[in-house]
Novice: 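This structure is in structure tokens; I'll ask about it shortly.
Since we're looking at a predicted model, the values are computed, not measured.
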Amino acid sequence: MYGLTTFAGDPFRLLDPFRDFDHNFFNNTEVCSFKTDIREEDDKYIMEAELPGFEKGDIQLDVNGEELILSAVHSQEQLEKNKATYICRERSYNSYQRRFDISGIDAEKIEAEYKNGILYMILPKKRPAIPASRRLEIK
């Protein structure tokens with residue numbers, strides 16, 4: 001639903017901003033988005049994703065090729081524990097998912113921590129491969 005503006009050379013951007021729209025309306029499932037801040041430092045990106053009300057075990061991070069899939073789902077057990085009769089109920093339980101292009105990220109070194117409803121991720125940039133130097137023999 002929300003997209004990141006891709007600037008020249010920025011390898012970290014949201015993939016297919018209309019995928020959630022299509023999935024939400026045409027497949028009649030509830031997939032919502034969450035707010036994410038991403039800042040760039042010299043050798044890494046730092047991402048902060050707002051996921052209030054979730055437990056650490058409700059959040060999944062998957063790397064599929066050059067794509068990072070961040071999803072959070074309230075488990076059915078949590079919903080069943082809370083079978084009270086409500087007079088008013090404004091909070092809803094939804095599934096959240098976003099996909100990010102991590103082609104410029106060293107996926108093996110990604111770190112994540114969940115604290116106080118915020119998922120913090122450190123995404124180190126790939127270092128450019130330096131070609132090995134060698135001396136050529138003259139024939």
Novice: Given side chains that start at C-beta, do those of L70 and L51 come closer than 4.5 Å, heavy atoms only?
Specialist: yes
Novice: Do Y114 and F54 have ring centroids that are under 6.0 Å from one another?
Specialist: no
Novice: Given 3.5 Å as the limit, does a donor-acceptor pair link the side chain of R98 with the main chain of F34, or not?
Specialist: yes
Novice: Output the distance between atom CG (L61) and atom CD (E111), rounded to the nearest 0.5 Å.
Specialist: 12.5 Å
Novice: What distance do I118 atom CD1 and E113 atom CD have between them, rounded to the nearest 0.5 Å?
Specialist: 11.5 Å
Novice: Clusters formed by hydrophobic residues whose side-chain heavy atoms approach within less than 4.5 Å: which one holds I138, and what are its other members?
Specialist: none
Novice: Residues in salt bridge (Lys or Arg N to Asp or Glu O under 4.0 Å) with E50, at least two apart?
Specialist: none
Novice: Do L68 and V63 come close enough that some side-chain heavy atom pair is under 4.5 Å?
Specialist: yes
Novice: Please determine whether the number of non-hydrogen atoms from other residues, nucleotides or ligands lying under 6.0 Å from atom CD of E48 exceeds 12.
Specialist: yes
Novice: Which atom pairs, donor and acceptor, lie under 3.5 Å between side-chain atoms of residues 119-132 and protein residues at least two apart or in another chain?
Specialist:
{"unit_1": "K125", "atom_1": "NZ", "unit_2": "E40", "atom_2": "OE2", "d": "2.5"}
{"unit_1": "K125", "atom_1": "NZ", "unit_2": "E41", "atom_2": "O", "d": "3.3"}
{"unit_1": "K125", "atom_1": "NZ", "unit_2": "D42", "atom_2": "O", "d": "3.3"}
{"unit_1": "K126", "atom_1": "NZ", "unit_2": "S103", "atom_2": "O", "d": "3.2"}

Novice: What is the distance from atom OG1 of T36 to atom CZ of F100, rounded to the nearest 0.5 Å?
Specialist: 4.5 Å
